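The next block holds one structure in the form of structure tokens; read it before the comments.
Order of appearance sets the numbers: ligands from 1, and atoms from 1 within every ligand. Predicted, not measured: the structure shown is a model, and the values here were computed from it.
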Amino acid sequence: MTDLQVSRHKLTPEVQLELVSLRAMADALGLRYATAGSISATLRELGVVRRHEWLVRRWLLALAAEGVIELDGDSFQVCGVVPESGVVDLAELQECLRLPVDVARLHAGALTVLPQLLRDEITVGELLAPIGTEQDAIAGEGLSLLTDELDDACANLFLRKLISIRRDLRAVEIGGGTGRLTDAILSEVPRAADDYLFTDVSEYVRRVAAAARPQIWTAALDVNEDFVAQGFPNTSADVVIAGHSLHHAVNIGRALTRIRDLLEPGGELLITAPVGDDLAALTSTHFLHSPAQDREVLRGGDIHPPERLWRVALRATGFSLLTSMSVGGRSPVRHHLFHAVREAI
Ligand SMILES: C[S@@+](CC[C@H](N)C(=O)[O-])C[C@H]1O[C@@H](n2cnc3c(N)ncnc32)[C@H](O)[C@@H]1O
């Protein structure tokens with residue numbers, strides 16, 4: 001019998017990255033064409049630790065979505081093979097997609113040791129050392145060439161709000177990370193710096209951000225805790241910016257409610273987020289989202305919720321969606337921008 005190659009029409013760099021990740025998943029799981037297996041036996045035979053089991057289940061779903069396997073409850077049949085990606089130089093591909101350096105390094109390193117990562121014989125921290133940290137990878141996860149476009153769109157929407165309000169804007173950025181979005185906004189609107197509060201849960205991130213941008217304010221803010229108790233009074237912001245950080249909320253509805261209360265009625269919220277999990281993350285940065293033993297993974301393993309969840313959650317928490325735009329299609333570097341306003345009542 002000849003292998004059934006799952007057909008792909010055009011190998012864009014985004015698709016190539018997807019195929020590289022998909023092939024690594026299939027290899028790590030030891031899938032062979034025209035064989036059958038079960039999820040429970042695969043987990044057992046590979047020695048996958050409990051906290052990473054959700055990743056194996058997500059890999060199998062991804063392989064099923066591509067037609068490589070057919071899933072039936074706990075059983076699966078391997079009915080196709082992952083097409084050739086044509087990638088000769090992974091580092092060059094990652095650079096072309098402008099993945100942050102630590103994220104690219106983690107992805108390249110993880111692909112070669114996926115079984116050991118699943119067994120916790122190697123940790124993500126070890127892969128990143130000595131020149132990067134898990135925090136560096138978290139701060140850069142999901143960012144790419146295409147997120148630049150959304151950062152610029154956010155900066156433009158920020159400027160429009162500033163023009164409409166005719167006074168200085170009180171801005172709070174949540175999960176500022178590498179500060180890419182911060183820089184995009186401040187380069188479009190330099191005077192915003194006087195009332196710009198960069199926040200992050202990580203002390204390390206805040207220290208790096210403050211050293212690089214002495215003109216802005218920095219503070220600790222955890223989206224999973226009460227905002228007022230953390231020193232962020234109700235109605236004390238005109239704009240809240242959350243660039244690819246709200247997926248860290250254990251409960252997205254609760255986090256959006258806290259943001260709504262932080263905003264003045266009529267205040268605006270700019271969220272960027274990958275919508276849906278991607279294959280490169282599932283083989284690299286998502287290891288960072290595996291819970292400590294005996295804890296649950298966020299949203300049952302939907303680290304980046306789909307677009308419709310964001311829309312529903314925004315509406316349910318008292319926001320009206322003003323603008324919504326996407327870049328990157330379904331590729332591993334896709335990203336979405338939601339621009340919403342806090343309703344006046
Ligand atoms: C992908 S990064 C953000 C990227 C950043 N906005 C940028 O454009 O470069 C996510 C950030 O969220 C922060 N974070 C993680 N958990 C958080 C929490 N519970 N509350 C607030 N921020 C959190 C991380 O420290 C990280 O810096």
Side-chain angles (χ1 to χ4, degrees), residues 98-104 106-107 124 128 132-155 158 171-188 196-210 212-213 216 218-227 229-232 239-252 254-259 262 269-275 277-278 280-281 284-286 288-292 295 297-299 303-304 327 332-338:
R98 245 190 279 153
L99 301 186
V101 175
D102 290 298
V103 173
L106 172 56
H107 186 226
V124 164
L128 288 163
T133 64
E134 292 192 12
Q135 188 56 58
D136 292 324
I138 287 256
E141 65 165 342
L143 303 178
S144 75
L145 169 68
L146 297 177
T147 33
D148 282 358
E149 275 183 41
L150 292 190
D151 290 349
D152 290 345
C154 282
F158 188 99
V172 176
E173 182 176 354
I174 296 177
T178 59
R180 273 173 35 147
L181 180 50
T182 323
D183 291 339
I185 291 173
L186 294 181
S187 77
E188 178 85 21
Y196 197 97
L197 186 51
F198 174 107
T199 75
D200 201 284
V201 77
S202 156
E203 201 265 328
Y204 166 75
V205 162
R206 296 195 304 274
R207 206 164 1 98
V208 173
R213 301 166 198 85
I216 59 171
T218 58
L221 181 62
D222 183 342
V223 286
N224 291 319
E225 301 292 335
D226 186 276
F227 280 15
Q230 294 179 83
F232 290 77
V239 180
V240 170
I241 304 118
H244 192 358
S245 53
L246 288 188
H247 61 291
H248 289 290
V250 173
N251 183 322
I252 285 179
R254 198 170 298 149
L256 286 175
T257 304
R258 290 181 177 133
I259 293 172
L262 174 64
L269 170 60
L270 294 163
I271 299 174
T272 70
V275 284
D277 290 308
D278 67 86
S284 57
T285 45
H286 274 18
L288 294 162
H289 293 286
S290 281
R295 300 283 297 273
V297 64
L298 286 177
R299 293 172 285 282
I303 304 301
H304 299 305
V327 289
V333 288
R334 82 258 165 278
H335 226 80
H336 204 91
L337 164 61
F338 300 95

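Heavy atoms of Gln135 approach ligand 1 to within less than 4.0 angstrom.
Under 4.0 angstrom from ligand 1, there are no non-hydrogen atoms of Thr147.
Taking every non-hydrogen atom of Asn224 and a distance limit under 4.0 Å, the qualifying atoms of ligand 1 come out as 19 (N). Near Gly243, the atoms of ligand 1 lying under 4.0 angstrom from a non-hydrogen atom of the residue are 3 (C), 4 (C), 5 (C), 6 (N). Interface atoms of ligand 1 facing Ala139, defined by a heavy-atom separation under 4.0 Å, are 1 (C), 2 (S), 3 (C), 4 (C). With ligand atoms numbered from 1 in the order given, ligand 1 contributes 11 (C), 13 (C), 24 (C), 25 (O), 26 (C), 27 (O) to contacts under 4.0 Å with heavy atoms of Asp200. Interface atoms of ligand 1 facing Gly176, defined by a heavy-atom separation under 4.0 Å, are 5 (C), 6 (N), 7 (C), 9 (O). Which parts of ligand 1 touch Gly179 is read off a 4.0 Å heavy-atom cut-off, strictly below it: atoms 9 (O). Each of the atoms 20 (N), 21 (C) of ligand 1 lies under 4.0 Å from some heavy atom of Leu221. Residue-ligand proximity, Ser245 to ligand 1, at heavy-atom distances under 4.0 Å covers atoms 12 (O).
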_Go through it in stages, so that I can follow the logic: the residues are Thr182 and Arg213, the test is side-chain hydrogen bond (donor to acceptor under 3.5 Å, both in side chains), and I'd like the CA-CA distance, side-chain angles, deciding distance and then a yes or no._
CA-CA 9 Å; Thr182 323; Arg213 301 166 198 85; 5.1 Å; no
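The distance criterion of under 3.5 Å between nitrogen or oxygen atoms is met by Gly175 with respect to ligand 1. Taking distance alone, with nitrogen or oxygen atoms compared against 3.5 Å, Val223 approaches ligand 1 more closely than that limit. Where the criterion is an N or O separation shorter than 3.5 Å, residue side chain and backbone included, Ser202 fails it with respect to ligand 1. Taking any N or O of His247, backbone or side chain, none lies under 3.5 Å from an N or O belonging to ligand 1. Inclusion of Asp222 in the set of residues having an N or O under 3.5 Å from an N or O of ligand 1 is warranted.
Dense packing is recorded around CZ of Arg180, with more than 12 heavy atoms of other residues, nucleotides or ligands lying under 6.0 Å away.
The closest donor-acceptor contact from the side chain of Thr218 to the backbone of Thr199 lies at 3.5 Å or more, if one exists at all. At distances below 3.5 Å, at least one donor-acceptor pair connects side-chain atoms of Gln230 with backbone N or O atoms of Asp226. Between the side chain of Asp222 and the main chain of Val201, no donor-acceptor pair closer than 3.5 Å is present. Of the possible polar contacts, one joining the Thr272 side chain to the His244 backbone as a donor-acceptor pair under 3.5 Å is found. No donor-acceptor pair under 3.5 Å is formed between the side chain of Asp200 and the backbone N or O of Arg206.
Using bins of under 30°, 30° to 60° and over 60° for the plane-to-plane angle, the ring pair His289/His304 lands in the perpendicular bin.
Residue, atom and distance of the protein heavy atom nearest to atom 17 (C) of ligand 1 are Val201 CG1, 3.5 Å. What sits closest to atom 8 (O) of ligand 1 on the protein, heavy atoms only, is Leu181 N, 3.6 Å.
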